[in-house]
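Notes follow the structure.
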Amino acid sequence: MPQLPQTLHELTVGQLSARSGAAVSALHFYEAKGLISSRRTSGNQRRYTRDALRRVAFVRAAQRVGIPLATIRDALAELPEERTPNRDDWARLSAAWRSELDERIEQLGRLRDHLTDCIGCGCLSLENCVLSNPDDISGQRISGSRLMPERRSVDCP
Ligand code: FES
């Protein structure tokens, strides 16, 4: 990984990309989503403070375990004065995300266990198939297509 001179207080997008391992396009996307911020030079070039490195590392680590960007953004927004997350912040946030990750792991386990049935089937039934309808929230309350308005006879040819 390229080292940055200690005297370098601001990074170009290329330097941030090289140091963080995130593509320039990903950094632009993170910035558009409010996960990192930069100032613009008189030539309209982005400059990031060094703590952007830690924010990008935080975002990438959270993404790697499947945390949605909106959740990551909300977590970063909770930090006072847009402070860069430190070790304690990461410990607190990762603990809070544990139940969400456990739920996702359980759901993936269910999908894995039913995948064998689906291979070669191809029905993608909304009633029976966990691949096409993994949560089936409405199906837990009612069955069939009762959420659809009933067709009136005048609509039918
Ligand atoms: S594809 Fe038929 S049950 Fe999933």
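One-based numbering along the sequence shown. Counting convention: from 1, in listed order, for ligands and their atoms alike.
- Atom CZ of Arg104 sits in a crowded spot, with more than 12 heavy atoms from other residues, nucleotides or ligands closer than 6.0 Å.
- Taking 2.8 Å as the limit, the number of protein N, O or S atoms around atom 2 (Fe) of ligand 1 is 2.
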Q.
Before you tell me yes or no, could you show the steps for Gln15 and Tyr48 under side-chain hydrogen bond (donor to acceptor under 3.5 Å, both in side chains), namely the whole-Å CA-CA distance, both residues' side-chain angles and the distance that decides it to 0.1 Å?
A. CA-CA 9 Å; Gln15 289 169 324; Tyr48 299 90; over 6 Å; no

Q: Determine, step by step, whether Arg92 and Asp89 satisfy the salt bridge (Lys or Arg N to Asp or Glu O under 4.0 Å) criterion, reporting the C-alpha distance in whole Å, the side-chain angles of both residues, the deciding distance to 0.1 Å, and the verdict.
A: CA-CA 5 Å; Arg92 181 175 49 79; Asp89 294 326; 3.5 Å; yes

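- Taking the six-membered ring where tryptophan is involved, the planes of Trp97 and Trp90 are perpendicular, since the angle between them exceeds 60° and thus also 30°.
- When the side chain to side chain donor-acceptor pair (under 3.5 Å) test is applied to Arg60, no partner is found at least two apart in sequence or on another chain.
- A salt bridge does not link Arg50 with Glu10: none of the charged nitrogens is closer than 4.0 Å to a carboxylate oxygen.
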